Asker: 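Have a look at this one.
Note that the structure is predicted; figures quoted are calculated from it, not measured.
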Amino acid sequence: MSEKETRESGGSPEASGVTVSDIQELIRRKEEIEAQIKANYDLLESQKGIGMNEPLVDCEGYPRADVDLYQVRTARHNIVCLQNDHKAVMKQVEEALHQLHARDKEKQARDLAEARKEAMSHGLGQSQDLSPAQAFAIVNSISLGSPASIAGLQVADEIVEFGSVNTQNFQSLQNIGTVVQHSEGPLNVTVIRRGEKYQLRLVPTRWAGKGLLGCNIIPLQR
């Protein structure tokens, strides 16, 4: 999925047809670019640790004889090009996640409306809808542009479910870490926000910051 295709399909989330496989392919491409960038930096390091900015001439203005000037110039050029490619791919990942999240929110809203209608038809009224859900953790910080931020998590969200982790089986934050490390796609996350329940879809992935989520979660003290 090219950047052009992403822009042209951005009018309606339903029409965009973004899938988890599309996002995984973009992430694979991002990781491939990162590996190429590292390889070029390693090459520069092997050339007397010359880096991106050190001069290629000696104190008398002659080309340095202690490094392979062709390799150094080529590696520097490759790094600049690859960094531009990396920025473009990251933008595509963010746009694709936004589209997937928007489509999921629409589906969740429809599913919730249908569930409420069915509950009313069975005489359950609002008693089931208002039954308090027990949260086991709370979000106390989120980094801008992180996977958590893109998924729609907000500070003070109380977590009811995080993938397979819920109130019944939660023991420590290591449970969430294990789910994140072994996830092979989006995680369904249910939160309580200002008294209302929200269902989000979070895709753990590497990004510009630390970790795979970009948020801090702490156990909820009852």
Asker: With a 4.5 Å cut-off on side-chain heavy atoms, are Gln83 and Ile37 touching?
Answerer: yes
Asker: Tell me if a side-chain donor or acceptor on Thr74 pairs with a main-chain N or O of Gln71 at a distance below 3.5 Å.
Answerer: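 Flag not set: sc Thr74 to bb Gln71 has no pair under 3.5 Å.
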Asker: What do the steps show when you test His98 against Glu94 for side chain to side chain contact (heavy atoms under 4.5 Å, CB included), and what is the final call?
Answerer: CA-CA 6 Å; His98 273 303; Glu94 184 173 351; 3.7 Å; yes
Asker: Do Lys38 and Glu34 have side chains that approach each other closer than 4.5 Å (heavy atoms only, starting at C-beta)?
Answerer: no
Asker: Donor-acceptor pair, distance only, cut-off 3.5 Å: does the side chain of Gln47 make one with the backbone of Asp68?
Answerer: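 Yes: the side chain of Gln47 pairs with the backbone of Asp68.
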Asker: Residues two or more places apart in sequence or in another chain: which of them pass side chain to side chain contact (heavy atoms under 4.5 Å, CB included) with Leu173?
Answerer: Phe170, Ile176, Ile217, Pro219
Asker: Report yes if the side chains of Pro204 and Leu187 come closer than 4.5 Å at any heavy-atom pair, otherwise no.
Answerer: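 Yes; the side chains approach each other to less than 4.5 Å.
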Asker: Please report the interatomic distance CD(Gln92) to NZ(Lys87), rounded to the nearest 0.5 Å.
Answerer: 15.0 Å
Asker: When you compare the side chain of Trp207 with that of Ile150, does any pair of heavy atoms fall below 4.5 Å?
Answerer: no
Asker: Could you measure the distance from the OG1 atom of Thr205 to the CD1 atom of Ile23? Nearest 0.5 Å is fine.
Answerer: 9.0 Å
Asker: Please determine whether salt bridge (Lys or Arg N to Asp or Glu O under 4.0 Å) holds for the pair Glu25 and Arg29, giving the CA-CA distance in whole Å, both sets of side-chain angles, and the decisive distance to 0.1 Å.
Answerer: CA-CA 6 Å; Glu25 175 60 25; Arg29 173 60 181 153; over 6 Å; no
Asker: As a quick check of understanding, evaluate side chain to side chain donor-acceptor pair (under 3.5 Å) for Asp22 and Thr19, giving each step before the final call.
Answerer: CA-CA 5 Å; Asp22 293 331; Thr19 66; 3.2 Å; yes
Asker: Atom CZ in Arg206, atom CE in Met90: separation rounded to 0.5 Å?
Answerer: 12.0 Å
Asker: Hey, mind stepping through Ile79 and Leu44 against side chain to side chain contact (heavy atoms under 4.5 Å, CB included) and telling me if it holds?
Answerer: CA-CA 10 Å; Ile79 289 171; Leu44 291 180; 3.7 Å; yes
Asker: Treating Asn169 as the side-chain partner and Asn175 as the backbone partner, does any N or O pair qualify as donor plus acceptor under 3.5 Å?
Answerer: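 No.
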Asker: Is it true that a side-chain atom of Arg64 and a backbone atom of Leu56 form a donor plus acceptor pair closer than 3.5 Å?
Answerer: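 The answer is no, because no donor-acceptor pair under 3.5 Å joins these two groups.
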Asker: Is there side-chain contact between Met52 and Val80, with at least one heavy-atom pair below 4.5 Å?
Answerer: yes
Asker: Show your working on salt bridge (Lys or Arg N to Asp or Glu O under 4.0 Å) between Glu32 and Arg28 and close with a plain yes or no.
Answerer: CA-CA 6 Å; Glu32 182 181 276; Arg28 184 200 64 77; 3.1 Å; yes
Asker: Does some side-chain heavy atom of Leu202 sit less than 4.5 Å from a side-chain heavy atom of Pro147?
Answerer: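 Touching, per the 4.5 Å side-chain cut-off.
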Asker: Report yes if some heavy atom in the side chain of Gln154 is under 4.5 Å from a heavy atom in the side chain of Val139; otherwise report no.
Answerer: no
Asker: Using a 4.5 Å cut-off on heavy atoms from C-beta on, say whether the side chain of Glu161 contacts that of Asn188.
Answerer: no
Asker: Once you round to the nearest 0.5 Å, how far does CG of Leu220 lie from CD1 of Ile218?
Answerer: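 Spacing of CG (Leu220) from CD1 (Ile218) equals 8.0 Å.
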Asker: What heavy-atom pair brings Val20 and Gly185 nearest, and what distance separates the two atoms?
Answerer: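 What the structure gives for the nearest pair is CG1-CA, 4.5 Å.
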Asker: Does Asn166 form a side chain to side chain contact (heavy atoms under 4.5 Å, CB included) with Gln134? I'd like the steps, not just the answer.
Answerer: CA-CA 9 Å; Asn166 54 44; Gln134 293 296 314; over 6 Å; no
